[in-house]
Structure formats: structure tokens, C-alpha cells
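As C-alpha cells, the structure follows; a few thoughts come after it.
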Amino acid sequence: MDDRRAVFYARALGIPVVRTPMVYITANRRGLIRSVREKLDRLREQGFWLKQADYETILRELGEL
């Protein structure tokens with residue numbers, strides 16, 4: 001599902017938006033999941049769009065790249 005319009009609308013209303021990668025990052029930092037890379041790779045295989053540069057930045061910051 002492409003949620004760009006929903007995210008834009010929510011932000012315009014002042015509603016905080018938390019995207020899926022941030023949920024995974026937070027879960028990883030709290031010890032709830034071991035690998036963000038594994039989760040992001042699975043999402044991407046299913047058609048989830050994430051800029052390559054953002055993907056690499058996330059994994060680099062978590063020591064998974």
C-alpha cells in the first residue's frame with residue numbers, strides 16, 4: 001500500500017507519523033528484534049519502497065552493514 005498521501009495529510013494536520021523503518025530501529029534498540037536488515041529485506045521483497053541510501057544509512061547506524 002502506498003501511504004504517501006496519508007502521511008502527507010497526517011503531517012499537515014500535525015499528527016506525528018512513525019514510519020515502519022523507525023519502528024524496527026526502536027524495536028532493535030530495545031532488544032525486541034535482532035536484525036533490522038532481515039526485516040527491511042523482507043519488506044522490500046514484498047514491494048516496500050525504501051531509498052537505497054536510507055536503507056544503507058539505517059543499517060550502518062545499527063552496525064548491520
Side-chain angles (χ1 to χ4, degrees):
M1 179 176 133
D2 186 351
D3 63 355
R4 283 181 291 175
R5 290 177 60 197
V7 168
F8 179 79
Y9 187 70
R11 287 182 176 157
L13 294 175
I15 299 170
V17 176
V18 178
R19 305 300 294 259
T20 303
M22 184 53 74
V23 172
Y24 288 151
I25 291 166
T26 302
N28 176 265
R29 289 181 174 159
R30 292 183 181 181
L32 300 173
I33 62 172
R34 287 176 24 146
S35 174
V36 170
R37 179 182 206 140
E38 180 180 306
K39 300 288 188 187
L40 291 179
D41 287 348
R42 260 194 249 151
L43 279 178
R44 292 173 100 193
E45 288 169 9
Q46 298 298 315
F48 182 85
W49 188 82
L50 179 64
K51 285 188 225 174
Q52 185 64 27
D54 293 341
Y55 174 80
E56 292 173 6
T57 298
I58 290 166
L59 297 182
R60 192 176 302 108
E61 288 182 16
L62 295 173
E64 291 191 46
L65 185 64

Can you tell me how far [atom2] of [Y] sits from [atom1] of [X], rounded to the nearest 0.5 angstrom?
X     : Y     : atom1 : atom2 : value
Thr20 : Ile25 : OG1   : CD1   : 11.0 Å
Arg34 : Glu64 : CZ    : CD    : 10.0 Å
Leu62 : Leu40 : CG    : CG    : 9.0 Å
Thr57 : Gln52 : OG1   : CD    : 9.5 Å
Tyr24 : Leu43 : OH    : CG    : 4.0 Å

Checklist line | Those residues that, when tested against Glu61, pass side chain to side chain donor-acceptor pair (under 3.5 Å) (two or more places apart) | finding: none
Checklist line | For Tyr55, the option from Val36, Leu50, Leu65 that meets side chain to side chain contact (heavy atoms under 4.5 Å, CB included) | finding: Leu50
Margin query: Heavy-atom count check: over 12 atoms from other residues, nucleotides or ligands less than 6.0 Å from Arg60 CZ?
Written below: yes
Item checked: Cluster check Trp49, Met22: I/L/V/M/F/W/Y, side chain < 4.5 angstrom -> no
Check: Who else is in the cluster with Val7 when I, L, V, M, F, W and Y are joined by side-chain contacts under 4.5 Å?
Finding: Val17
Margin query: Looking only at side-chain N and O atoms, does Tyr9 offer a donor or acceptor that is under 3.5 Å from a partner on Asp3?
Written below: no
